[in-house]
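Here is the structure we will look at, set down as structure tokens.
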Amino acid sequence: MTALALPVPPPATLRRRASDLLYTRRGLLLMALLAPPLLWFGVIYLGSLFALLANAFFRLDDFTGQVVREVGFGNFVALLEAANLDAARRSVAMAIAVTLACTGLALPLAYYMARHARGTQKALLYIAVMLPLWSSYLVRLYAWKLLLAKEGAISWVAERLHATWVLDAVLSVPLIGGPSLSFSTLGTFIVFVYMWLPFMVLPVMAAIERIPASTLEASADLGARPARTLRHVILPLALPGIAAGSIFTFSLTLGDYIIPQVIGDSTLFIGQVVYRQQGVAGNLPFAAAFSLVPIVVIGIYLWLAKRQGAFDAL
Amino acid sequence: MTTAVTLDHVSCVFGQGAQAVRAVDSVDLTIDAGEFFTLLGPSGSGKTTCLRMIGGFTLPTAGRVLIGGDDVTLRPPYARPVNTVFQDYALFPHMSIRDNVAYPLMVRKVARAERERRAEELLALVQLPGVGDRRPAQLSGGQRQRVALARALVSEPQLLLLDEPLGALDLKLREQMQSELKALQRRLGITFLFITHDQHEALSMSDRIGVFNAGRLEQVGTPHQVYDTPATHFVAQFVGAANVLAGDAARRLTGHARAMLRPERIRLGAPAGARASGTVAEAQYFGAFTRVKVDVAGTTLQADLASGPGHPAPEPGHAAHLHWDEGAVHALQPA
């Protein structure tokens, strides 16, 4: 019997030593992988946010139009002026309405896509939901302008159906109405819901997809009619998805300034105020202070959602 | 004796045209009230589809399903007096254990205090007192199994369906749950319809067994009938180990055209009076017994021989002389 010749280990090359080092010191590899995203978030993301925050405490010299770098709370006091509070209140109300409408529209669609659609049908529904996101936001917005205009497609259809009176009745409702859909808060709402709906459908669908079929069968088996299963099983388990989607719909609505600029009456939303203050008026400090409003509102929203247990099942 | 469940010519076909699969093929079955009935079969044999049609999750393509004499063929699950223990337990992850168990009472609008009292009672019944405040994710597999059982029993159904409820448990726990389930069923007097692919489970727990194969019920009988006098070749092979003989070998060794001989009924002995003689091809040690494969003129016979002191295991290559009693042979219907 001959002795087995053990293979001679190859000489330790630089490459091998580097790979050994990375294998034994896991922290090193982790650091190498995490450094770029952390730098990006730390410097560019949070850095700009803090620069904004700092600016909010400065003020604009009315005579010279220069920013005076002295810490003060004048901008925050100015936030409490009626016109500014009004814009904030209107924006929050719109964000809530858009979020509720998106939830209501997304739930049945997401449920169908997650539990019933199969194969080609599911792919087509996916595409239908995602398709608007593939084209430019501005293109879609101006397309809506055409649809909602006084001589636009919707009033044309209403006329053909002899339902112009319905449209007129809706447009004569105070607060949401206006001379035409494209110059009404209702129009702004419709376009907001259209724009952000995909951001609600996808997370809700993901949440519903994760519910095992047997969980729903068990609910029915134990005596729950469909409405009770919806209320006690499907909705609570879809809640993390609804919460995730609502963060999108809520914050996107709260911060947008282009949609209300193109479609809607002349009343202002937070984004428009910020835009005018930093662009037209050149009052960067006040714009900075105002842009903290949505951040605070969303902070409160997330805190409420957490208290309601929206993230417990994550 | 009253009837708990009747399946009347029930069939279930999935898919259409050339791809159609007959999951359940014209099954007739009657289960008596208070019985522990097991549907036994390999995976894909149609036993789970059968249970799903009784629970109302799958509708039959033909035939009628009766529960307690009522035709429930087309009724939804929530309108059937039946509860199910699912294979994956299907507990509600967002509810406490107490709310899980009380769920059937909650949907029946029982007052909170009453349903919480009942939930605690049921948790005590399945030997899980004091876990009511926890979430399903905080319990072990065996504990979740008990919670699922408590939840299915809390509304006092007349019939409990159990879909391979012990499949995910390890062996020791499974054996413990087997005897607990059986004891619980005796105590409550509820009809249990139990689904398993495990023949030991079926034999040890059931009052009667229905053996499923390829969408058909091959045999319905007590564990003894199914084991000792299997109706078909499939039942003989699926329930326990069996030597199934056919053709010339069967006629020579047993005098029947087709016959079954259980390995544990065969003994080794003297050459004189042996029913068959051959060479040991293989000996497998299983602890309690040794399974010996003996080559008898081209036919392999399995014999399970007691092992332990005084029972030396036969060595491969040695001659073996096989003995069995006349009654050990069970003639099978020609296929």
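All of these numbers come straight from a predicted model, not from anything done at the bench.
Atom CD1 of residue A:Ile234 and atom OH of residue A:Tyr111 lie 4.0 Å apart, to the nearest 0.5 angstrom. Here the CG atom belonging to B:Leu193 is positioned 4.5 Å from the CD1 atom belonging to B:Ile31, to the nearest 0.5 angstrom.
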List, with distances to 0.1 Å, the donor-acceptor pairs found between chain A and chain B - the cut-off being under 3.5 Å and no angle criterion applied.
from     : atom 1 : to       : atom 2 : distance (Å)
A:Ser214 : OG     : B:Asp88  : OD1    : 3.0
A:Ser214 : OG     : B:Asp88  : OD2    : 2.8
A:Glu217 : OE1    : B:Arg52  : NH1    : 3.0
A:Glu217 : OE2    : B:Arg52  : NH1    : 3.3
A:Glu217 : OE2    : B:Arg52  : NH2    : 2.6
A:Ser219 : OG     : B:Tyr103 : OH     : 2.7
A:Ala220 : O      : B:Tyr78  : N      : 3.3
A:Asp221 : OD1    : B:Thr84  : OG1    : 2.9
A:Asp221 : OD2    : B:Thr84  : N      : 2.5
A:Asp221 : OD2    : B:Thr84  : OG1    : 3.3
A:Leu222 : O      : B:Arg108 : NH1    : 3.0
A:His232 : O      : B:His94  : NE2    : 2.8

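In this structure, the portion of B:Met95 lying under 4.5 Å from any heavy atom of chain A is its side chain and not its backbone.
A:Leu235 pairs by the side chain to side chain contact (heavy atoms under 4.5 Å, CB included) definition with A:Leu107, A:Leu230, A:Ile242, not counting sequence neighbours. Every residue was checked against the side chain to side chain donor-acceptor pair (under 3.5 Å) condition with A:Thr188, not counting sequence neighbours, and none meets it. Applying the side chain to side chain donor-acceptor pair (under 3.5 Å) rule to A:Tyr137 yields the partners A:Asp256; only residues at least two apart in sequence or on another chain are considered.
Ring pair A:Phe250/A:Tyr301 is parallel by interplanar angle, where below 30° counts as parallel and above 60° as perpendicular.
For the set A:Leu222, A:Leu216, A:Val233, A:Ile211, the entry with the most heavy-atom pairs within less than 4.5 Å of chain B is A:Leu222.
Heavy-atom minimum distance, B:Cys50 versus B:Leu39: CB-CD1, 4.0 Å.
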